[in-house]
**Student:** 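Quick one: the structure is below, and I'll ask about it shortly.
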Amino acid sequence: MKIHEYQAKRFLKKYDIPVPKGEMAETPEAAKRIAEDIATLPVAVKAQIHAGGRGKGGGVRIAKTLDEVERHAASIIGMNLVTHQTGPEGKRVKRVLIEQGQAIKKELYLSLLPDRESACILVIASEAGGMEIEQVAAKTPEKIIKVYINPLNGIQPYHCRQIAYGLNLPSPAIKGFSQMLTRLYRLLVDYDCSLVEINPLILTAEDSVVALDAKMDFDDNALFRHPDLLECRDSDEENPLEVEASKYKLNYINLDGNVGNMVNGAGLAMAVMDTIKLAGAEPANFLDVGGGATAEMVENGFRIILSDPKVKGILINIFGGILRCDVLAKGVVEAARKTKISVPLVVRMEGTNVEEGRKILSQSGLKLHAAVDMKEAGQLIARVVAGQH
Amino acid sequence: MSIFVGSHTRVLVQGMTGKEGLFHTRQCVAYGTRVVAGVTPGKGGQEIDGIPVFNTVAEAVKHTQADCSMIFVPPPFAADAILEAADAGVGLIVAITEGIPVMDMMRVKQVLYGSASRLIGPNCPGIITPGQAKVGIMPGHIHRPGGPVGVVSRSGTLTYEVVYQLTRQGIGQTTCIGIGGDPVNGTSFIDCLDAFEKDEETRGIVMVGEIGGSAEEKAAEFIRSRVTKPVVGFIAGITAPPGRRMGHAGAIISGGSGTAAAKIAALKRCGVHVCENLGYIGEMCAKVFKTSSTSGDGP
């Protein structure tokens, strides 16, 4: 789960990690009031969306007067911000973060994340701050420092020294940096973050470190033990169909194609999407109804697929292991009746209770194409959406 | 022959009295698996279907000599369940549970580095040696005993599809292992490839991967340098968009790495027969494994 920069900075503050003075505003008037409270100029007016590259897209501006704060906030709030991470459709900005300007001596990069290969917390740091770390890694890999921390022992002073000296920090900055890094590590572990990224982390004229930007992402599997995080969720940042699907515990991701599909199991769902593409069509979604799906979940899945206007045909591929084919068939029939399904449907079922499932489908009176295997299912759906059937 | 489990395996089930746990325990018993104990704290002393239930794994092991644990414990308590099994000296731990926090699994993995226990999963369908033992949630009837092919996969139902196609081609399986779809898991592709390479009965290997991480790339290097048996590979997620978690916690393309294209390229470079369309993997295996056995590759 992603959160906004202003929310991430509240977490940093809670852990006594230095951030610029500032607050979030939803209107230009509120923005101006916050700037008045900050009491010094200039201030930064920063668009709050779940995507990077905001500066280049015009979502971050510096205001030298209070009137400018209001003007910039007015132009940013409500704008459709397009960055390399939002996709061409962009994202509507609803909030801005107003922050005190900083005297920057140097920009650094710092991030912490669980590393899957080593089962350690990986700290990545670089003197090349303010740039995308993937680009730094590609162009100047020697500028990247990586330190692995065993989660059983946690962060030690020597880890901090390795990174601080690696970043060529001036002596007066080292103590403050080490303290900040230790706190960041604690924050990451306490809240089951899948990423904490500070880019840039700045070294000020006074040789202290300040988190100028902050990005946090949380492990969805651990949300059960952080009920306080749920109020940070901004559903407006997510696709409305995906929000709807998550209510029913369905794994749904909206895509650009026109073939809706419903599959049990994530790996098989991806493989079915690939099959659709290889057959010459494009998948409209990823939908894993899971191993323990009920008839009701299948029905909801169906409704969500159909509420995507791009969908011109639906492929259902279920390999019944835990999810029995008769349960699936009942859900499909029920959903098709309720939603008055108007697009062609290709169904391929295999596994537990497959005979009963096929019987339920064939006796339902539904118009559907039955495929005997994956190969045929892919070919059928491609032909159907191309209108050759 | 087979790897990791066989008719000798004595299985205990952690979380046996739950709905999922009991359903699948019965399925495993029906398949012929020797389920010797269940563990549910607070339910010790009970008996279900003639299987004794214990409060702790240590107790269960002491009384039943179980050497394998299958775990259905819910995510908040699953890491503890794995550690309990390892602490009791259970040699093989199969964690079916989906949704364990990454932070928990990192700690578990660090502890297991110094332990004699092997963990399969979590977030996996388990492991089956057809005709001998099923320790997991896969439908047993789609498998065909006797080999000669070993299957290893990060996925569940996708593996069933592959196995089903193999069986329809008349190709049996020695052992099929789902190593799980989580970013931090126990047994790796390489562990399984190594075991299949050493298993006399296994004459060919099918490896099913997906986007995210670099386990497939590492496995590809291992295949090139250490595996003499023919390997057919499949990678799911050619159409997966970057930055999105595709159902499995570990299936995500991040920062341009972990793409299907890169994995397919790595496998091809290392001599793996890559099948790009799942619908054809059975046919492809028939071709690859037949050719290699007639050319004297197998025993």
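Keep in mind that this is a model prediction, so the values were computed, not measured.
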**Student:** Just how far is it from atom CD of Gln110(B) to atom CG of Leu152(A), taken to the nearest 0.5 Å?
**Tutor:** 5.5 Å
**Student:** Is any side-chain heavy atom of Asp219(A) less than 4.5 Å from a side-chain heavy atom of Met103(B)?
**Tutor:** no
**Student:** Please report the interatomic distance NE2(His248(B)) to CE(Met270(A)), rounded to the nearest 0.5 Å.
**Tutor:** 6.5 Å
**Student:** Could you check if a side-chain atom of Pro101(B) sits within less than 4.5 angstrom of a side-chain atom of Phe224(A), using non-hydrogen atoms only?
**Tutor:** yes
**Student:** Run the numbers on Met106(B) and Ile121(A) for side chain to side chain contact (heavy atoms under 4.5 Å, CB included), then give the verdict.
**Tutor:** CA-CA 9 Å; Met106(B) 292 205 302; Ile121(A) 308 291; 3.3 Å; yes
**Student:** Quick check on Glu242(A) against chain B: is it the side chain, the backbone, both or neither that has a heavy atom closer than 4.5 Å?
**Tutor:** side chain
**Student:** Please classify the contact of Leu188(A) with chain B as side chain, backbone, both or neither, using a heavy-atom distance under 4.5 Å.
**Tutor:** both
**Student:** Where does Asp256(A) contact chain B at under 4.5 Å (heavy atoms): side chain, backbone, both or neither?
**Tutor:** neither
**Student:** Output the option from Met273(A), Gln85(A), Glu134(A), Lys277(A) having the highest count of non-hydrogen pairs under 4.5 Å with chain B.
**Tutor:** Met273(A)
**Student:** Report the option among Ala266(A), Ser118(A), Gly257(A) that has the most heavy-atom pairs separated by less than 4.5 Å from atoms of chain B.
**Tutor:** Ala266(A)
**Student:** Quick check: closest heavy atoms across Ala236(B) and Gly267(A), and the distance to 0.1 Å?
**Tutor:** CB-O, 3.8 Å
**Student:** At a 4.5 Å cut-off on heavy atoms, which part of Pro114(A) comes close to chain B: side chain, backbone, both, or neither?
**Tutor:** both
**Student:** Against chain A, label Thr239(B) side chain, backbone, both or neither, depending on which of its atoms sit under 4.5 Å from a heavy atom there.
**Tutor:** both
**Student:** One thing to verify: whether Glu350(A) and Arg168(B) come together as a salt bridge, which I'm taking to mean a side-chain N less than 4.0 angstrom from a carboxylate O.
**Tutor:** no
**Student:** Could you grab the distance from atom CE of Met374(A) to atom CD of Gln165(B), nearest 0.5 Å is fine?
**Tutor:** 7.5 Å
**Student:** Quick check on Glu283(B) against chain A: is it the side chain, the backbone, both or neither that has a heavy atom closer than 4.5 Å?
**Tutor:** side chain
**Student:** So, are Asp104(B) and Arg225(A) salt-bridged, with charged N and O less than 4.0 Å apart?
**Tutor:** yes
**Student:** Counting only heavy atoms closer than 4.5 Å, note whether Cys120(A) contacts chain B via side chain, backbone, both or neither.
**Tutor:** both
**Student:** Examine distances only and state if a side-chain atom of Arg116(A) and a backbone atom of Gly250(B) form a donor-acceptor pair shorter than 3.5 Å.
**Tutor:** yes
**Student:** Heavy-atom pairs under 4.5 Å with chain A - which of Ile100(B), Val162(B), Val108(B), Thr159(B) has more of them than the others?
**Tutor:** Ile100(B)
**Student:** Report yes if the side chains of Asp274(A) and Ile235(B) come closer than 4.5 Å at any heavy-atom pair, otherwise no.
**Tutor:** no
**Student:** Could you tell me whether the side chain of Thr157(B) and the main chain of Phe319(A) form a donor-acceptor pair under 3.5 Å?
**Tutor:** no
**Student:** Within a strict 4.5 Å, meaning less than it, do heavy atoms of the Val102(B) and Ser194(A) side chains meet?
**Tutor:** no
**Student:** Check whether more than 12 heavy atoms from other residues, nucleotides or ligands sit under 6.0 Å from atom CZ of Phe222(B), and answer yes or no.
**Tutor:** yes
**Student:** Please report the interatomic distance CG(Asp220(A)) to CZ(Arg245(B)), rounded to the nearest 0.5 Å.
**Tutor:** 4.5 Å
**Student:** Evaluate side chain to side chain contact (heavy atoms under 4.5 Å, CB included) for Asn277(B) paired with Thr275(A), printing each intermediate quantity in order.
**Tutor:** CA-CA 6 Å; Asn277(B) 192 337; Thr275(A) 301; 3.8 Å; yes
**Student:** What are the residues of residues 207-217 of chain B, in order of number, with any heavy atom under 4.5 angstrom from a heavy atom of chain A?
**Tutor:** Glu210(B), Ile211(B), Gly212(B), Gly213(B), Ser214(B), Ala215(B)
**Student:** How about Lys146(A): does its NZ atom have over 12 heavy atoms from other parts shown lying under 6.0 Å from it?
**Tutor:** no
**Student:** Under 4.5 Å from any heavy atom of chain A, what part of Ile142(B) do you find: side chain, backbone, both or neither?
**Tutor:** side chain
**Student:** Is the backbone of Gly247(B) close enough, under 3.5 Å, to the side chain of Asp288(A) for a donor and an acceptor to pair up by distance?
**Tutor:** no
**Student:** Check each atom of Asn221(A) against the heavy atoms of chain B and say whether the ones under 4.5 Å are side chain, backbone, both or neither.
**Tutor:** both
**Student:** For chain A, which residues of residues 180-192 of chain B have at least one non-hydrogen atom nearer than 4.5 Å to it?
**Tutor:** Pro183(B), Val184(B)
**Student:** Could you look at Val272(A) and say if it's the side chain, the backbone, both or neither that has a heavy atom under 4.5 Å from chain B?
**Tutor:** neither
**Student:** Do you know which of Pro76(B), Ala249(B), Ala240(B) has the most heavy-atom pairs under 4.5 Å to chain A?
**Tutor:** Pro76(B)
**Student:** Taking side chain as everything from C-beta outward and backbone as N, CA, C, O, which of these in Gln379(A) sits under 4.5 Å from a heavy atom of chain B? Side chain, backbone, both or neither.
**Tutor:** side chain
**Student:** Run the side chain to side chain contact (heavy atoms under 4.5 Å, CB included) test on Leu268(A) and Glu161(B) for me, step by step, so that the C-alpha distance in whole Å, both residues' side-chain angles and the decisive distance to 0.1 Å come before the verdict.
**Tutor:** CA-CA 8 Å; Leu268(A) 189 58; Glu161(B) 175 69 41; 4.1 Å; yes
